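Have a look at the structure below, then the notes.
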Amino acid sequence: MNREIVLDIHGTSDFVREHELDALETQVLSAHEKLHRYEGPGREYLGWLGWPMHCGQEEMKQIVRVADWVRKKAEVFVVIGIGGSYLGSRSALELLGHSYYNEMPREKRGGPQIYFAGCNLSATNLGHLFDLIKDKEVVINVISKSGTTLEPALAFRFFRNMLENRFGKKYARERIIATTGEKGALRELARQEGYETFTVPGDIGGRYSVLTAVGLLPVAVAGIDITAIIAGARHGCKLYDEDRPAHNPAYRYAALRQLLYRKGKVVEILAAYEPSFNLFTEWWKQLFGESEGKDLKGIFPAGVNFTTDLHSLGQFIQDGYRNLFLTTLWLDKPPLDQDIPLLEEDVDGLNFLAGKTMHHVNDKACAGTIMAHSAGGVPNMKIIIPEMTPRYYGQLVYFFEKACAISGYLLGVNPFDQPGVEAYKNNMFSLLQNSD
Ligand code: PA5
């Protein structure tokens with residue numbers, strides 16, 4: 001039997017008492033009811049809630065078919081998207097793939113190199129990518145639910161232009177895959193040009209869309225088992241459906257965040273001890289940041305990559321302003337481990353570690369850090385993931401999606417809109433329209 005993802009909350013006991021959690025139970029129950037009865041704010045965006053249970057077999061087959069075609073055809077696959085339209089797939093690729101996937105020989109990868117574009121407005125970044133791929137067989141997946149987001153729309157304009165100029169419209173249209181909403185500019189263009197198209201369901205917001213074609217197509221192109229990802233999410237769906245926080249780790253996590261927030265802990269730092277979690281942390285930051293940071297409220301989601309950042313931000317966490325708490329993502333069994341060699345001359349004095357493994361050292365670094373941060377007044381939780389497989393990835397995604405929804409309702413916000421994002425866009429467009 002598979003081991004479960006575990007939430008260890010011992011590191012909060014000096015800051016939150018059990019009776020405080022009990023007192024919040026009624027509010028958690030009410031948040032659960034609101035969510036599951038589709039009665040809370042943002043109820044029109046709850047498609048993600050039951051998605052793993054009923055995402056269509058036909059669509060899964062289409063994703064696998066198209067991904068197989070891309071794997072054979074392309075030397076380079078470019079995913080164009082921003083926010084929820086790229087963070088999920090990129091996090092899965094980094095967590096489930098080889099750390100140096102793009103640098104590996106083609107025979108080992110079994111598919112194309114995968115690059116991301118359209119997630120910034122940097123001409124340099126775009127130009128450097130063009131340098132890299134200019135003579136290669138390229139297939140593009142442009143992902144934008146709205147079809148109007150400037151960053152991916154501009155990047156797509158460049159790529160489309162490049163493909164069309166190179167070999168004509170027919171050549172380009174055979175190499176462009178669009179993932180977009182039911183209507184909008186990109187949908188219309190895809191229809192006119194006859195692009196292969198996937199639909200982002202109208203009731204699933206960008207940051208909740210990783211388990212749809214938005215996330216799954218790029219992941220399948222890397223040869224990762226997307227059926228197992230959905231199976232893991234489905235398992236999460238059942239597991240995190242329980243309404244009592246004591247029996248539901250996702251709700252317990254949400255409740256503890258809320259109690260810590262009420263005590264002035266307004267920054268949550270997600271810490272992982274494997275660099276392959278970096279993009280997952282970015283995905284998590286978007287999920288919680290866009291969902292909760294509104295109405296002048298919210299926990300600021302930050303991320304650190306340990307042990308690297310113990311040599312930079314570790315100082316602040318240990319010793320700086322006391323308004324933060326830490327959530328550690330711990331991988332019990334990493335994909336690889338390495339025995340530390342015994343050297344004849346013990347110049348570095350590390351022979352006492354010979355025979356132990358790197359992961360053992362990482363484990364002690366994690367335990368030591370948690371002890372130190374606890375002593376420094378930082379509440380902490382630990383989420384233990386048995387190993388990083390597609391199945392656990394799907395379950396972990398669903399864990400955080402569910403926790404985020406409940407957390408948003410406990411905070412009293414609509415976790416499914418992002419009105420604040422419009423402010424910069426409005427200013428940028430009016431400045432662009434009035435510029436020379
Ligand atoms: O969560 C969201 O909805 C946003 O962050 C979007 O994912 C992001 O703005 C990209 O939007 P779109 O897919 O419409 O280009």
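Start at 1 and go down the list; that is how both ligands and their atoms are numbered. Quick note: numbers below take in every heavy atom, side chains included, and nothing from hydrogens, waters or symmetry partners. Count residues from 1 along the sequence. Computed from a predicted structure; not experimentally measured.
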**Request:** Cation-pi check, K34 to Y409: give yes when NZ or CZ is under 6.0 Å from the six-membered ring centre and within 45° of the ring axis, no otherwise.
**Result:** yes
**Message:** Please tell me whether R191 and T197 have a donor and an acceptor in their side chains that are separated by less than 3.5 angstrom.
**Reply:** no
Polar pairs, ligand 1 vs protein, N/O only, below 3.5 Å.
| from | atom 1 | to | atom 2 | distance (Å) |
| --- | --- | --- | --- | --- |
| ligand 1 | 1 (O) | R207 | N | 2.9 |
| ligand 1 | 1 (O) | R207 | NH1 | 3.2 |
| ligand 1 | 1 (O) | Q286 | NE2 | 3.3 |
| ligand 1 | 1 (O) | E290 | OE1 | 3.0 |
| ligand 1 | 3 (O) | G206 | N | 3.3 |
| ligand 1 | 5 (O) | Q286 | NE2 | 2.6 |
| ligand 1 | 5 (O) | E290 | OE1 | 2.9 |
| ligand 1 | 5 (O) | E290 | OE2 | 3.2 |
| ligand 1 | 7 (O) | G84 | N | 2.9 |
| ligand 1 | 13 (O) | S85 | OG | 2.7 |
| ligand 1 | 13 (O) | K145 | N | 2.8 |
| ligand 1 | 14 (O) | K145 | N | 3.4 |
| ligand 1 | 14 (O) | S146 | N | 2.8 |
| ligand 1 | 14 (O) | S146 | OG | 2.7 |
| ligand 1 | 14 (O) | T149 | OG1 | 3.4 |
| ligand 1 | 15 (O) | S144 | OG | 2.6 |
| ligand 1 | 15 (O) | T149 | OG1 | 2.5 |

**Request:** Go through the steps for T212 and S209 under the test side chain to side chain donor-acceptor pair (under 3.5 Å), then give the verdict.
**Result:** CA-CA 5 Å; T212 72; S209 69; 4.6 Å; no
**Message:** So, applying ring pair (Phe, Tyr, Trp, His ring centres under 6.0 Å) with F399, which one of F280, Y251, Y240, W284 is it?
**Reply:** Y240
**Over 12 foreign heavy atoms within 6.0 Å of CZ, F300** = no
**Prompt:** Looking just at side-chain N and O atoms, do N141 and T179 make a donor-acceptor pair shorter than 3.5 Å?
**Reply:** yes
